[in-house]
Amino acid sequence: MKSKFHLILAVAALLTGIGEKAAACSRILYVGDDNLRIVGRSLDWKTPIPTNIYVYPRGIEKHSHSLPGAKEWKARYGSVYAVSYDGGVTEGMNEKGLVVNGLFCKGTVYENDSTSGNAPMSLAMFPAWILDLAADTPEAVDMIRRHDYTIAGSTFDGGTVTALHWGITDAKGRCAVIEFDHGKINIYEGTDMPAMTNDPTYPAMTAIGDYWEKIGGTHMLPGTVSSPDRYVRGVFFDKHVEKTADAALGFSIIRSILVNVSVPYTYTVGEGNVSSTQWRSFSNIRDLRYYFDIVTNPGAFYIDLNECDLTEGSPVMKLDTSISTDYVGNVTGRLVRTAPFTPMY
């Protein structure tokens with residue numbers, strides 16, 4: 001009876017259009033043939049979030065925070081990071097094909113009294129910590145589940161709290177959704193988990209998906225920019241597209257799905273702080289290509305990690321996306337040597 005009640009509430013939220021306030025991000029996993037997996041995500045926000053691409057080699061020593069007692073580690077794996085405001089890792093992919101995506105989730109509360117004495121962990125470094133040290137999803141989940149850290153994040157956009165949940169995907173399709181609920185970590189694991197968006201929490205969202213799966217989708221799909229509607233559309237289209245082993249075709253397929261679940265640029269209907277899609281990324285796990293698609297650019301471009309020097313002692317490399325309006329295709333050669341970014345602790 002309790003589960004049925006929760007389902008009714010979730011469906012009611014969907015049909016009344018609640019649950020989407022200021023943010024709208026989507027993550028869709030395309031699974032093709034010959035182990036082709038591409039994780040596509042949109043970054044949606046009410047104001048532009050400048051995001052540059054960094055490639056970090058193995059062996060760099062990092063800290064989880066500037067506060068005493070912070071975690072310290074030396075990177076086992078090289079990674080490509082999307083770094084917002086040149087101060088915080090939003091997402092990325094490492095050389096083992098592990099992908100970490102952070103999406104807004106307004107109900108997130110990271111800590112409680114029992115975690116206050118743990119090592120301080122800035123959200124600016126949380127994804128990097130996972131990508132630097134974990135080769136796959138089980139290793140990442142094990143690190144997170146220990147909860148020997150206290151997460152904190154800087155506010156931005158005039159005081160907005162950095163409330164996030166996380167999608168993790170590896171080369172074998174093992175996935176996890178990580179949600180923090182008043183200090184408790186809820187971890188949902190599966191294989192080739194197709195979608196996640198924002199609110200409500202993952203179990204309630206999948207209940208909404210189950211409801212719409214029974215309806216079908218060929219004649220009717222929910223069409224608003226709300227988080228549940230985007231989730232339902234993403235799952236439906238992801239399930240009903242061609243499976244291919246061709247990386248270029250696979251990119252085109254997942255890109256078209258992400259466009260379908262994105263929020264149109266400068267969209268204004270509804271609440272005043274409704275979010276538009278700012279950029280989309282696509283992590284081709286099999287081929288280690290990280291695509292970036294800025295909505296105000298005419299084309300998409302990618303970094304090929306196979307062409308990057310990730311050996312210990314190699315320099316950090318950067319792609320400044322503010323000058324990327326003419327970038328299309330492989331832009332690995334446009335990376336420039338740079339100092340490491342300064343985390344916004």
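These numbers were taken from a predicted model, which means no experiment stands behind them. These numbers come from the heavy atoms of this one structure, side chains and all, not from hydrogens, waters or symmetry mates.
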Partner set under side-chain hydrogen bond (donor to acceptor under 3.5 Å, both in side chains) for D148, not counting sequence neighbours: K71
Modelled atom types, side-chain donor and acceptor of T197 and S26, under 3.5 Å: no
Salt-bridge present (D210, K214; N to O < 4.0 Å): no
For S281, the option from E91, R41, R27 that meets side chain to side chain donor-acceptor pair (under 3.5 Å): E91
Residue D113 excluded, over 12 heavy atoms near CG under 6.0 Å: no
Atom pair OG (S262) and CG (L43), whose distance is rounded to the nearest 0.5 Å: 10.5 Å
Parallel, tilted or perpendicular: ring planes of Y302 versus Y291, cut at 30 and 60 degrees: tilted
Same apolar cluster (I L V M F W Y, side chains within < 4.5 Å links), V295/I257: no
Side-chain heavy-atom pair Y30, V241 within 4.5 angstrom cut-off: yes
Considering all heavy atoms, the nearest G107-D199 contact: N-OD1, 4.1 Å
Joint cluster assignment, V336 & V83, ILVMFWY side-chain distance < 4.5 Å: no
Connected via hydrophobic side-chain network under 4.5 Å: L319 and I323: yes
Shortest non-hydrogen contact between R76 and E95, atoms and distance: O-OE2, 4.3 Å
Parallel, tilted or perpendicular, as decided by the 30° and 60° cut-offs, for the rings of Y149 and F180: perpendicular
T137 side, atom OG1; D170 side, atom CG - distance, nearest 0.5 Å: 3.5 Å
Test item: side-chain donor near acceptor, T321 and S324, under 3.5 Å: no
Short side-chain to backbone donor-acceptor contact, N284 and R289, under 3.5 Å: no
same_hphob_cluster(F104, Y85) at 4.5 Å side-chain heavy-atom cutoff: yes
Within 6.0 Å of NZ in K243, more than 12 heavy atoms from elsewhere: yes
Result of checking L29, V100, D136 against T169 for side-chain contact (heavy atoms from CB on, under 4.5 Å): L29
Verdict with reasoning, L131 to M93, per side chain to side chain contact (heavy atoms under 4.5 Å, CB included): CA-CA 7 Å; L131 292 167; M93 176 173 63; 5.6 Å; no
From CA spacing to verdict: side chain to side chain contact (heavy atoms under 4.5 Å, CB included), K318, Y81: CA-CA 10 Å; K318 177 182 177 180; Y81 303 145; over 6 Å; no
Hphob cluster co-occupancy, M317 + Y77, side-chain heavy atoms under 4.5 angstrom: no
Side-chain donor-acceptor pair present, N198, R230, cut-off under 3.5 Å: yes
Check against side chain to side chain contact (heavy atoms under 4.5 Å, CB included), R145 and I185: CA-CA 7 Å; R145 186 175 275 132; I185 305 177; 6.0 Å; no
Atom pair OG1/CH2 of T51 and W279 - distance to nearest 0.5 Å: 5.0 Å
Nearest-0.5 Å distance, CD1 of residue I178 to CD1 of residue I144: 4.5 Å
Contact summary for E179 and T201, nearest pair of heavy atoms: OE1-CB, 3.4 Å
Over all atoms of both residues, closest heavy-atom pair of S84 and T90: OG-OG1, 2.7 Å
Nearest heavy-atom neighbours spanning I187 and A176: CG2-CB, 4.4 Å
Set of residues satisfying side-chain contact (heavy atoms from CB on, under 4.5 Å) with respect to T332, sequence neighbours excluded: I303, D304, E307, C308, N330, L335
Stepwise side chain to side chain contact (heavy atoms under 4.5 Å, CB included) check, W212 with R233: CA-CA 10 Å; W212 276 100; R233 291 201 306 278; over 6 Å; no
K96 atom NZ, neighbour heavy-atom count above 12 within 6.0 Å: no
Modelled atom types, side-chain donor and acceptor of T325 and N297, under 3.5 Å: no
Polar contact flag, side-chain donor to acceptor under 3.5 angstrom, R286-N35: no
Nearest heavy-atom neighbours spanning H182 and N112: O-ND2, 3.0 Å
